[in-house]
Amino acid sequence: MSRIITLSEFILDRQHEFPHATGELSRILGAIELASKVVSREVNKAGLAEDILGAMGSENVQGEQQQKLDVVANELFMNAMKGQGEVAGVASEEDEHYVVFETDRAKQGNYIVTMDPLDGSSNIDVNVSIGTIFSIYRRVSTGALKPEDFLQPGTAQVAAGYVVYGSSTMLVYTTGHGVNGFTLDPSIGTFCLSHPDMRTPEQGKIFSVNEGNYNDFSEGVRTYIDACKERRYSARYIGSLVADFHRNLLKGGIYIYPGTTKAPQGKLRLLYEGNPLAFIAEQAGGMATDGSQRILEIQPEQLHQRCPLFIGSKAMVEEAAKA
Ligand code: P6P
């Protein structure tokens with residue numbers, strides 16, 4: 001039996017990959033790991049726990065029905081970030097404005113985090129996999145946090161990752177030196193290295209798109225979808241970005257959430273969905289564009305701005321963009 005490598009051990013082993021490695025980033029990733037374990041426990045008992053399922057009866061900044069677990073997950077990640085002091089503030093899908101941490105230590109923090117604490121949460125009640133997505137940046141301003149600390153292009157990310165709460169709970173992340181996947185062993189409460197140096201196939205045979213919107217897509221997108229069908233590719237779309245992205249990353253495929261006539265910028269958010277997954281896709285040999293430009297090079301103007309997303313196997317993203 002090969003030696004178990006835990007996430008904590010892996011992070012420390014790779015610390016040398018950072019200039020001026022002082023353990024700050026390791027501590028942030030450690031805090032995300034801890035919060036992910038707690039969210040995994042809550043998600044996995046959701047069907048049984050009293051009063052944890054369903055909608056809160058409130059809406060988030062997106063105007064979307066907040067699920068109770070959305071709020072729980074947001075609080076868990078926020079508290080984890082606040083508690084360890086390297087993070088000065090967090091921009092979350094669940095909060096209209098970025099949250100500034102007021103502890104003395106956090107005020108000295110060199111990093112900010114953007115996150116979608118529980119993406120696809122409307123799937124919780126029907127037991128479909130959901131996920132957490134995060135990006136980590138060094139702050140660029142001095143003194144009090146400013147919008148420019150959060151409105152950095154994706155190329156400035158120092159780390160990014162996602163957690164998929166599925167048949168198993170996996171944490172997948174990159175720091176710009178490849179992509180590695182860790183599976184939670186609930187019997188010991190530890191994420192263990194299960195997918196070292198993940199690479200996504202150059203070409204795949206899976207396409208993930210909500211074809212219910214087909215008639216609102218551009219001619220180019222419709223042409224590409226038709227080509228996928230002509231080639232008898234598999235249509236796989238479960239309405240949960242992290243789960244669709246993770247499957248395509250492993251097997252090869254493309255996920256498309258394009259702009260439509262009604263929503264030219266599509267539905268997904270640049271700061272905490274597009275950028276972190278684009279960083280991972282590129283680090284695994286894949287590609288991510290908005291249909292014309294590299295996601296990571298988009299200069300954000302607003303915290304919750306949307307972007308069309310074409311992401312996955314390089315050859316497929318390139319072809320879709322040319323269609
Ligand atoms: P639609 C979930 O709300 C989400 O943000 C992604 O996880 C998912 O891929 C997409 O939206 C589903 O959106 O419009 O196809 O239902």
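All of these numbers come straight from a predicted model, not from anything done at the bench. One-based numbering, in listed order, for ligands and for the atoms of each.
- Ser135 places no side-chain N or O within 3.5 Å of a backbone atom of Thr114 that could act as its donor or acceptor partner.
- Backbone and side-chain nitrogen or oxygen atoms of Leu268 are examined, and none is located within less than 3.5 angstrom of a nitrogen or oxygen of ligand 1.
- At least one N or O atom of Tyr255 sits closer than 3.5 Å to an N or O atom of ligand 1.
- Using a 4.5 Å heavy-atom cutoff, the side chains of Ile280 and Met198 are not in contact.
- By the 4.5 Å heavy-atom criterion applied to side chains, Thr190 and Ile4 are not counted as neighbours.
- Contact annotation: Asp244 has no heavy atom less than 4.0 Å from any atom of ligand 1.
- Residues Arg247 and Ser208 have side chains that bring a donor and an acceptor to within less than 3.5 angstrom of each other.
- Which of Glu211, Glu93, Lys267, Glu273 comes nearest to atom 11 (O) of ligand 1 through a heavy atom is settled by distance: it is Lys267.
- Using a 4.0 Å cut-off to heavy atoms of Tyr237, the atoms of ligand 1 that qualify are 1 (P), 9 (O), 10 (C), 12 (C), 13 (O), 15 (O).
- If you number the atoms of ligand 1 from 1 as listed, the ones under 4.0 Å from a heavy atom of Leu241 come out as 6 (C), 7 (O), 8 (C), 9 (O).
- The shortest N/O to N/O separation between Ser122 and ligand 1 does not fall below 3.5 Å.
- Relative orientation of the Phe245 and Tyr162 rings is perpendicular, given thresholds of 30° and 60° on the angle between their planes.
- Within the 4.0 Å heavy-atom criterion, the part of Asn210 lying near ligand 1 is the side chain and not the backbone.
- No donor-acceptor pair closer than 3.5 Å links the side chain of Asn74 to the backbone N or O of Asp70.
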